[in-house]
Amino acid sequence: MSFDRSIKIAPSILSADFANFGQEIEAIEAEGCDWVHVDVMDGHFVPNLTFGPPLVKAIRPHIKTVMDVHLMIAPVDPYIDAFASAGADILTAHLEAGPHTHRTLQAIRGAGCKAGLALNPGTGLGDVEHLLDMIDLVCVMTVNPGFGGQKFIHSQIDKVRSLRAMIGDRPIHIEIDGGITRETAPLMAAAGADVLVAGSAVFTGGSVKNPAPYGANIRAIRHAAEAVQAG
Ligand code: DX5
Ligand code: ZN
């Protein structure tokens, strides 16, 4: 995985047909997505359950781009090796998942993955500063994690702008996750985000039998963001 700040669209398969993950992934990649975002939820850190390492391993062969695994679980450390072995390219843990984020990030890189750090909407940037040299991606949650289809929280725009300034020239992606549409994507691209996760806004209107709307949705979000992207 080489680093650049071009806009990347990462559909969340939380909005895909759960009985057809393989075909859904092949459809969104054929329709032009850049990464595939995989939301792991434990019913404890967030009030919803999705899937664990066996499912992540099963879908891995279908992903030709980048497997971006968002761990909404606590504790997270005991599961890092399992998700790394399942084939994650990026493993993102939440800052709020435990007291030893530094150790968690070391473990993720030690397991051979790119390390991501996710922040809930109520979490400030103060605790990120001393971790910047250990991370490859910061995921700014623009909804409270747990569910797809929620409303974008506008207060996160300023957070992304501050984070972009804090990152400077470091090769760290800024990912935004939650409520991203063709309307909200440009707000975040202008503030400095480069990876745009979108679940419902990508999968709406399409299916594995009719994947063209996936492509139209991806292109609409991409074009809206590229038109205003900050340097
Ligand atoms: C929320 C997840 C998101 C979610 C995004 O907890 O982390 O990735 O699937 O879904 P939309 O784009 O529908 O808000
Ligand atoms: Zn996510």
Side-chain angles (χ1 to χ4, degrees), residues 7-18 21 24-25 28 31 33-52 55-56 59 63 65-74 76 79 83 88-97 108 113-123 136-157 160 173-189 193-206 213-214 216-218 220-222 224-225:
I7 293 292
K8 287 161 279 295
I9 309 296
S12 164
I13 60 166
L14 191 61
S15 293
D17 174 1
F18 272 41
F21 277 135
E24 289 276 48
I25 288 164
I28 53 175
E31 293 294 333
C33 78
D34 301 280
W35 293 6
V36 176
H37 186 81
V38 180
D39 285 310
V40 176
M41 303 187 187
D42 67 352
H44 167 74
F45 180 70
V46 290
N48 196 5
L49 278 167
T50 54
F51 35 72
L55 189 286
V56 172
I59 62 176
I63 298 177
T65 57
V66 171
M67 187 187 229
D68 173 34
V69 178
H70 179 191
L71 299 176
M72 286 163 275
I73 64 175
V76 62
Y79 302 100
F83 283 105
D89 294 302
I90 303 168
L91 269 184
T92 296
H94 269 260
L95 181 60
E96 307 83 4
I108 292 173
C113 298
K114 299 280 186 192
L117 180 64
L119 309 176
N120 283 336
T123 299
D136 302 290
L137 173 150
V138 180
C139 175
V140 175
M141 293 304 304
T142 38
V143 298
N144 286 298
F147 303 95
Q150 301 184 83
K151 201 168 173 313
F152 177 83
I153 300 173
H154 281 78
S155 61
Q156 303 308 297
I157 299 171
V160 166
H173 295 291
I174 299 180
E175 176 176 75
I176 48 165
D177 187 4
I180 300 305
T181 63
R182 63 190 76 185
E183 287 79 31
T184 55
L187 304 173
M188 287 312 218
D194 61 300
V195 185
L196 315 182
V197 176
S200 40
V202 165
F203 285 94
T204 188
Y214 297 167
N217 295 336
I218 290 167
I221 297 168
R222 186 192 302 286

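Note that this is a predicted model, so its numbers are computed, not measured. For ligands, and for the atoms within them, numbers begin at 1 and follow the listed sequence.
Considering only non-hydrogen protein atoms, atom 1 (C) of ligand 1 sits nearest to F147 O, 3.6 Å. With hydrogens left out, the protein atom closest to atom 10 (O) of ligand 1 is G148 CA, 3.6 Å, a heavy atom. Taking atom 13 (O) of ligand 1 as the reference point, the nearest protein heavy-atom neighbour is S200 OG, 2.5 Å. Looking from atom 6 (O) of ligand 1 to the surrounding protein, the closest heavy atom is G146 N, 2.7 Å.
Of all N, O or S atoms in H37, the one lying closest to the Zn ion (ligand 2) is NE2. In H70, the N, O or S atom that comes nearest to the Zn ion (ligand 2) is ND1.
Taking only nitrogen or oxygen atoms, main chain and side chain alike, G149 reaches within less than 3.5 Å of ligand 1. On a distance-only criterion, S15 and ligand 1 share no N/O pair closer than 3.5 Å. The distance criterion of under 3.5 Å between nitrogen or oxygen atoms is not met by N144 with respect to ligand 1. For ligand 1, one of its N or O atoms has an N or O atom of G199 under 3.5 Å away.
In the vicinity of D177, heavy-atom distances shorter than 4.0 Å reach the ligand 1 atoms 2 (C), 3 (C), 4 (C), 5 (C), 7 (O), 8 (O). Per-residue contacts place P145 under 4.0 angstrom from the following atoms of ligand 1 (heavy atoms of the residue considered): 6 (O). Listed by number with element, the atoms of ligand 1 under 4.0 Å from a non-hydrogen atom of S12 are 8 (O), 9 (O). Annotation for ligand 1: atoms under 4.0 Å from non-hydrogen atoms of V197 are 8 (O). Residue contact check: H70 has heavy atoms under 4.0 Å from atoms 7 (O) of ligand 1. Heavy-atom proximity to G178, at under 4.0 Å, picks out these atoms of ligand 1: 14 (O). The contact set between ligand 1 and M141, taken as ligand atoms under 4.0 Å from a residue heavy atom, comprises 7 (O). Here is the list of ligand 1 atoms found below 4.0 Å of a heavy atom in M72: 6 (O), 7 (O).
Atoms CD1 and CD1, on I63 and I13 in that order, are 6.5 Å from each other to the nearest 0.5 Å. Distance check, rounded to the nearest 0.5 Å: CG of L137 to NE2 of H70 gives 10.0 Å. Expressed to the nearest 0.5 Å, how far CD1 of I176 lies from CG of D194 amounts to 9.5 Å. A distance of 11.0 Å separates CD1 in I221 from SG in C33, rounded to the nearest 0.5 Å. For the atom pair CE (M41) and CG (L14), the distance works out to 4.5 Å, reported to the nearest 0.5 Å. To the nearest 0.5 Å, the span separating NZ on K114 from CD1 on I108 amounts to 13.0 Å.
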D39/H37 under side-chain hydrogen bond (donor to acceptor under 3.5 Å, both in side chains): CA gap, chis, key distance, verdict: CA-CA 7 Å; D39 285 310; H37 186 81; 2.9 Å; yes

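Within 6.0 Å of OH on Y79 lie no more than 12 heavy atoms contributed by other residues, nucleotides or ligands.
Taking all heavy atoms of T204, N48, D39, T181 into account, the minimum distance to atom 2 (C) of ligand 1 is reached by D39.
Taking all atoms of both residues into account, the shortest heavy-atom contact from M72 to F45 is C-CD2, 3.6 Å. In terms of heavy-atom proximity, A193 sits nearest to V160 at N-CG1, 3.8 Å. Heavy atoms only, all atoms of each residue included: A97 and A74 are closest at O-CB, 3.5 Å.
Ligand 1 has G179 within reach: a non-hydrogen atom of the residue lies less than 4.0 Å from it.
Classified by interplanar angle (parallel below 30°, tilted 30° to 60°, perpendicular above 60°), the ring pair F21/F18 is tilted.
Between the side chains of H173 and E175, no donor-acceptor pair is found at a separation under 3.5 Å.
Expressed to the nearest 10°, the angle at the Zn ion (ligand 2) joining OD2 in D177 with OD1 in D39 is 170°.
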